[in-house]
Amino acid sequence: MSSGRPEPDQPLYTISVAAELAGISARTLRLYERHGLLTPQRTEGGTRRYSDNDIARLRRVAELVASGVNLAGIRHVLDLQDENTRLRGSQPAEGE
DNA sequence: TTTCTTACA
DNA sequence: TGTAAGTA
C-alpha cells in the first residue's frame, strides 16, 4: 500500500495556479521565494514550477504569517521542519 | 495570453 | 500588497 509507491513525477503548477492552490497571490509567492521560504524548480524559459510539495509549504508559510511570524522567522521554521522530516524519514505529520 | 524582473506608492 | 512598464 503505502510502501514502495513509485511517484515518477509530481504535478507541477505554474505560479498563478500555485497561488490559487495556496490561496496566495503570485506577487507574494515571488516574495516568499525571495526570502528563501521555498525554491521552486525553473524552466528553461525561467518560469517557476511549483510542485505539490511546494504547495504544502506555501500553506505552512501562510499559517505562520497568520500567526504573526515574519518571513525571516518562517524561513527558520521551514528549515527546521524540513530537517526534522528528513531525520524522521517520512512520518505522517500530525496536523491539529 | 502568461510569465519574468524591477520599481514605486 | 497591488500595480506599471517592458520583455520573452
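The structure presented is a predicted model; accordingly, all values stated were derived computationally and were not measured. A, B, ... follow the sequence lines: proteins, then strands. Residue 1 opens every chain.
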Practice task
Report yes if the side chains of A/Val61 and A/Leu78 come closer than 4.5 Å at any heavy-atom pair, otherwise no.
Solution key: yes
Exercise for the section: Using the rule that two of Ile, Leu, Val, Met, Phe, Trp, Tyr join whenever any of their side-chain heavy atoms come within less than 4.5 Å, decide whether A/Val69 and A/Leu29 are in one cluster. Expected result: yes
Handout entry: Intermediate values then yes/no, salt bridge (charged side-chain N to carboxylate O under 4.0 Å, His left out), A/Asp79 and A/Arg75
Key = CA-CA 6 Å; A/Asp79 187 51; A/Arg75 174 162 72 162; over 6 Å; no
Problem - Any A/Ser16 side-chain nitrogen or oxygen under 4.0 Å from OP1 or OP2 of B/dT3 - result: yes
Exercise for the section: Provide, to the nearest angstrom, the distance between the CG atom belonging to A/Leu31 and the P atom belonging to C/dT1. Expected result: 6 Å
Handout entry: Within 6.0 Å of CD in A/Gln41, more than 12 heavy atoms from elsewhere
Key = no
Handout entry: Minimum heavy-atom distance A/Asp54-A/Arg49, with the two atoms named
Key = OD2-O, 4.0 Å
Fill in the blank from the handout: Encoded 5' to 3' (Watson-Crick or G-U under 3.5 Å; [ ] crossing; | other strand), DNA chain B becomes .|.||||||
Problem - Any side-chain heavy-atom pair of A/Arg34 and A/Leu71 under 4.5 Å - result: no
Handout entry: Least distance between heavy atoms, A/Tyr13 atom then A/Ala18 atom
Key = CB-N, 4.1 Å
Practice task
At under 4.0 Å between heavy atoms, which parts of nucleotides 4-9 of chain B does protein reach? Answer with one letter per nucleotide, 5' to 3': B base, S sugar-phosphate only, - none.
Solution key: SBBB--
Completion exercise
Closest non-hydrogen contact found for A/Leu58 with A/Ile24 is O-CD1, 3.8 Å
